[in-house]
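What follows is a set of notes on a single structure, which appears directly below.
Please read all numbers here as calculations on a predicted model, not as lab measurements. Lettering follows sequence order; numbering is per chain, from 1.
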2 protein chains.
Amino acid sequence: MNNIEFATAIHILTLLKIIGGHLPSSYIAGSININAVMVRRSLSLLRKHGFIETREGNGGGAALAKPASQVLLSDVYRAVNDAALLGKLNKPNPDCKVGKQINNHLAELYKQADNALVNKLSTITLADFCKKFK
Amino acid sequence: MNNIEFATAIHILTLLKIIGGHLPSSYIAGSININAVMVRRSLSLLRKHGFIETREGNGGGAALAKPASQVLLSDVYRAVNDAALLGKLNKPNPDCKVGKQINNHLAELYKQADNALVNKLSTITLADFCKKFK
DNA sequence: CCGTACTGTAACAAAAAATGATACAGTATA
DNA sequence: TATACTGTATCATTTTTTGTTACAGTACGG
């Protein structure tokens, strides 16, 4: 995984909520201060997961596909992190007693830790998050 | 942060508990299947945080500095992740209403999420983790 | 129905981060 | 004193991330 994706996704969704309307990727890129193609890559992911809808052509851009109050931050996290956050594993020596078993045990541990994090994020909606902006 | 560090650190500590004694970095490297210098870099970190003690010279190596039952996985996580897991931020445009504020709000969010994860890990000791190995 | 302003995505380049390799001084043991 | 380690620096390599360019496709507005 790549955890700046989460920051980028939240930034995009926050913009769509606060600025409103259909925003072009170039506008979004200017706010985040990253490349417009990177934005379109994020948008593509967010669209696949149903958070936004996009319009091609003149006057097009991205907009929220559902009310911010119905977007859980945990859903965004899940969409963006294909693997769990604490997800990397080594490729240990299978001839070692510990090496042979550890990836299974670590994977289980990661799942528990990830669940705890997701549970916390599931208590916060995009609308909650956006309320912080003055 | 770099989340394979956590897997590596847990692997090392597990080995020290299960195999016992003073293990040289070359032995540990063989189990994890990574470079011995990488192992020594991890060992250095673990030593600084008081999890292990190391001995130089012939017959030297690393050993646990305290009972596995007194090592919380949350402490290992904290030691290894200087920043929070969900820690990366963009460098948004300060001339944008959202860009100007978002990093503060994200940092707060990250802290909450990280706390949830750490709380979960604090319920598991190294001894608990090692019990899973047969 | 044409100019304009977008998306979507591929292909490649550049930059950054992680990992590995080599080297070597220092240290403890037998 | 030979041997087997640590600790750490430096440099090389690999992998991952980010940016750039390009361009076909789409839709709106005059």
| Do any side-chain nitrogens or oxygens of A/Thr54 fall under 4.0 Å of OP1 or OP2 in C/dG8? | yes

Please classify the nucleic acid contact of B/Ile34 as base, sugar-phosphate, or nothing, using heavy-atom distances under 4.0 Å. sugar-phosphate

Point to revise | B/Asn90 side-chain N/O to B/Pro92 backbone N/O, donor-acceptor pair under 3.5 Å | key: no

From CG of B/Asn33 across to P of C/dG20 the rounded distance in Å is 9 Å

Between CG of B/Asn81 and P of C/dA17 the distance, given in whole Å, is 16 Å

Applying side-chain contact (heavy atoms from CB on, under 4.5 Å) to A/Thr14 and not counting sequence neighbours gives A/Ile10, A/Ile18, A/Leu126, A/Phe129, A/Cys130, A/Phe133, B/Val98, B/Ile102

Here the distance between atom P of D/dT6 and atom CD1 of B/Ile12, to the nearest Å, is 11 Å

Taken in chain and number order and not counting sequence neighbours, the residues that satisfy side-chain contact (heavy atoms from CB on, under 4.5 Å) with A/Ala107 are none

Problem set entry | N/O donor-acceptor pair under 3.5 Å between B/His22 side chain and B/Arg55 backbone | no

Here the distance between atom P of D/dT18 and atom CZ of A/Arg40, to the nearest Å, is 17 Å

From CG of B/Leu45 across to C1' of D/dG7 the rounded distance in Å is 14 Å

Is the backbone of B/Ser122 close enough, under 3.5 Å, to the side chain of B/Tyr77 for a donor and an acceptor to pair up by distance? no

A correct 5'-to-3' footprint of nucleotides 25-30 of chain D, with B, S and - meaning base, sugar-phosphate only and no protein heavy atom under 4.0 Å, is -BBB--

By nearest-nucleotide position on DNA chain C, the 5'-leaning member of B/Met38 and A/Arg47 is A/Arg47

The nucleotide from C/dG8, D/dT6, C/dT9 with an atom nearest the side chain of A/Ser44 is C/dT9

What nucleic acid atoms does A/Ser25 come within less than 4.0 Å of, heavy atoms only: base, sugar-phosphate, or nothing?
sugar-phosphate

From the candidates C/dG8, C/dT19, D/dT20, the one with an atom nearest any side-chain atom of A/Arg41 is D/dT20

Ignoring hydrogens and angles, tell me if any N or O in the side chain of A/Asn35 forms a donor-acceptor pair with the backbone of A/Ala29 under 3.5 Å.
-> no

Hydrophobic cluster membership, A/Val37 vs A/Ile28, 4.5 Å side-chain cutoff: no

Whole-Å distance, B/Asn35 CG to D/dT8 C1', equals 13 Å

When rounded to whole Å, the CD to P distance for the pair B/Glu5 and C/dG20 reads 11 Å

Between OH of A/Tyr27 and C1' of C/dA5 the distance, given in whole Å, is 17 Å

